[in-house]
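Step one of this worksheet: look at the structure below.
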There are 2 protein chains.
Amino acid sequence: MSAQPRTARGTRTRAKLLEAAETVFASVGYHEASIVKITEGAAVGLGTFYLYFDGKQAIFDEVVEDLNRRVRHAMTDAARSATNRIEAERAGFRAFFRFTAEHPALYRIIRQAEFVSPGALRLHYTRIVDGYIAGLKAAQLNGEVRDMDPTVAAWALMGIGELIGMRWVLWDEEGTEPVPGARPDVPEDVFEEMMQFIERALAPGATPHAPTPAGSIPPQEGKAP
Amino acid sequence: MSAQPRTARGTRTRAKLLEAAETVFASVGYHEASIVKITEGAAVGLGTFYLYFDGKQAIFDEVVEDLNRRVRHAMTDAARSATNRIEAERAGFRAFFRFTAEHPALYRIIRQAEFVSPGALRLHYTRIVDGYIAGLKAAQLNGEVRDMDPTVAAWALMGIGELIGMRWVLWDEEGTEPVPGARPDVPEDVFEEMMQFIERALAPGATPHAPTPAGSIPPQEGKAP
DNA sequence: AGCAAACCTGAAAGGTGATTCATGTTACGG
DNA sequence: CCGTAACATGAATCACCTTTCAGGTTTGCT
């Protein structure tokens with residue numbers, strides 16, 4: 001059975017192991033990640049690992065928990081200073097992409113959780129989605145967001161962020177030298193396109209019209225007299 | 001080195017192995033999936049595996065390739081009979097969710113490809129996205145879809161389908177008896193909400209206005225005289 | 001300084017699983 | 001119906017990993 005550290009030294013060692021584990025899981029994946037690699041990364045003896053963790057699965061769960069907490073913090077912190085829903089959305093996504101750029105481990109680790117720790121996977125997604133739902137509900141009361149099921153919208157937003165982040169942050173990141181402070185984020189124009197997409201999806205106003213026949217005059221938008 | 005079968009018997013055996021591999025990968029994951037489990041699933045001797053595949057990674061790649069081909073077929077087949085973009089979108093997503101419900105292996109296997117076979121992962125996503133892009137471009141020429149970067153929209157759509165499918169098809173599916181013909185799809189109301197979201201995001205028409213203060217009159221939409 | 005308690009260590013036990021290969025079986029053209 | 005190429009098999013080999021543990025080191029308290 002693993003134990004909590006009881007001195008400053010122990011606390012440091014445990015933290016070193018967690019950090020090394022995040023790096024190793026992210027770079028070679030859960031199964032290729034051996035305890036030996038983790039302890040080497042932490043510059044610690046092999047046996048030391050078992051002083052603080054029950055095994056590979058246990059430390060994996062903690063890494064997921066930790067990443068989840070950090071990404072949610074980054075998002076809510078960024079959104080806090082916004083004065084309306086659109087701003088909050090923009091700030092939240094910006095923070096999410098920045099976090100992704102700085103911690104590619106998030107994606108790479110979460111994806112593996114599917115099999116390694118399904119419970120952790122669900123907790124990760126539902127926690128983030130719950131944040132969205134709360135924000136959307138509040139914005140609905142303001143009339144900033146149309147009448148809709150916030151749960152469905154929240155999962156849709158989550159999906160948009162997830163794949164756009166994967167495509168433009170993770171995939172484009174490769175080959176980039178890890179110069180601190182110079183990490184590539186989502187390009188500005190892609191970000192704007194995405195926000196347009198989201199704003200239109202959430203904006204109050206009339207339902208889009210029946211398909212407009214090519215070349216015809218767009219339907220009147222004015223209300224009845 | 002593996003070889004292609006040269007007789008009917010060999011072809012059958014190889015197919016049995018592929019099918020068993022899909023099942024095993026989906027149910028226990030890549031790393032827990034041993035060659036022994038696969039050959040047992042295929043009712044074939046252990047050594048037989050190496051007649052047709054170079055190893056675990058090789059058969060995994062083929063399984064991904066196969067699933068990708070099948071899901072794209074399902075989607076384009078369904079979309080073919082649509083007469084406009086909205087219908088095509090609906091039909092495509094329906095088909096995607098149905099496929100997901102019938103082959104949960106798709107998700108579960110793709111997620112692992114991140115580490116097992118990154119190339120296969122990218123190919124999977126980009127192929128599907130390319131289909132979306134083509135459809136969106138065509139619809140833009142018709143005026144059915146607003147002027148926008150189809151690539152960004154395509155990834156956004158992909159993300160929406162991915163997470164909504166995960167949440168309502170995969171997660172809700174658990175505990176469901178696998179009665180053929182009675183697989184749970186995305187609930188109707190969730191599907192409608194999602195389509196609303198998408199239609200508004202893609203619809204032509206004025207940009208959503210600056211945040212409307214609660215209760216105020218929406219800004220005029222008419223153009224200057 | 002002296003002494004617990006906490007911490008650290010790496011060799012070794014005990015498993016697991018991928019892959020090979022020598023040998024046996026089946027299919028089929030001539 | 002014979003011979004040969006294709007196919008099938010699973011015991012054995014090899015490589016690697018998790019986890020334990022007996023014994024050393026450091027820390028912090030008095």
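Heavy atoms only: backbone and side chains are in, while hydrogens, waters and symmetry mates are out. Every chain is numbered from 1 and lettered A, B, ... according to where its sequence line falls, protein lines coming before strand lines.
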### Message
For a quick check, with a 4.0 angstrom heavy-atom cut-off, what is the B/S/- contact string for nucleotides 5-21 of chain C, read 5' to 3'?
### Response
-SSBBBB------SBB-
### Task
Taking ring pair (Phe, Tyr, Trp, His ring centres under 6.0 Å) as the test, write out the residues that go with F93(A), two or more places apart.
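Ring pair (Phe, Tyr, Trp, His ring centres under 6.0 Å) list for F93(A), sorted by chain: empty.
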I'd like a table of donor-acceptor pairs (distance under 3.5 Å, sequence neighbours excluded) in which one partner is a side-chain atom from residues 56-63 of chain B, with atom names and distances.
residue : atom : partner : partner atom : Å
K56(B)  : NZ   : Y30(B)  : O            : 2.9
K56(B)  : NZ   : A33(B)  : O            : 3.0
Q57(B)  : NE2  : V116(B) : O            : 3.2
D61(B)  : OD1  : S117(B) : OG           : 2.6
E62(B)  : OE1  : R14(B)  : NH1          : 3.2
E62(B)  : OE2  : R14(B)  : NH2          : 2.7

Pairs under 3.5 angstrom only: tabulate donor-acceptor contacts from the side chains of residues 20-27 of chain A to other protein residues two or more places apart or in another chain.
residue : atom : partner : partner atom : Å
E22(A)  : OE1  : R70(A)  : NH1          : 3.0
T23(A)  : OG1  : E19(A)  : O            : 3.2
S27(A)  : OG   : T23(A)  : O            : 3.3
S27(A)  : OG   : V24(A)  : O            : 3.4

### Message
Taking any atom closer than 4.0 angstrom to a non-hydrogen atom of chain B, what span of DNA chain D does the protein reach, first nucleotide to last?
### Response
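So the outermost contacting nucleotides come out as dA6(D) to dA11(D).
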#### Entry: Summary of side-chain hydrogen bond (donor to acceptor under 3.5 Å, both in side chains) pairs that have at least one residue in residues 122-138 of chain B, sequence neighbours excluded
R111(A)-Y125(B), E174(A)-R122(B), E65(B)-R127(B), N68(B)-H124(B), N68(B)-R127(B), Y125(B)-E162(B)
### Message
Suppose the criterion is salt bridge (charged side-chain N to carboxylate O under 4.0 Å, His left out): which pairs have a residue in residues 71-81 of chain B, not counting sequence neighbours?
### Response
D77(B)-R80(B)
Compile the donor-acceptor pairs under 3.5 Å between side chains in residues 4-12 of chain B and protein atoms, sequence neighbours left out, one pair per line.
residue : atom : partner : partner atom : Å
T7(B)   : OG1  : R9(B)   : N            : 3.4
T7(B)   : OG1  : G10(B)  : N            : 3.3
T11(B)  : OG1  : T7(B)   : O            : 3.0

### Task
With sequence neighbours left out, write down each residue that passes salt bridge (Lys or Arg N to Asp or Glu O under 4.0 Å) with R85(A), or none if nothing qualifies.
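So R85(A) forms a salt bridge (Lys or Arg N to Asp or Glu O under 4.0 Å) with E89(A).
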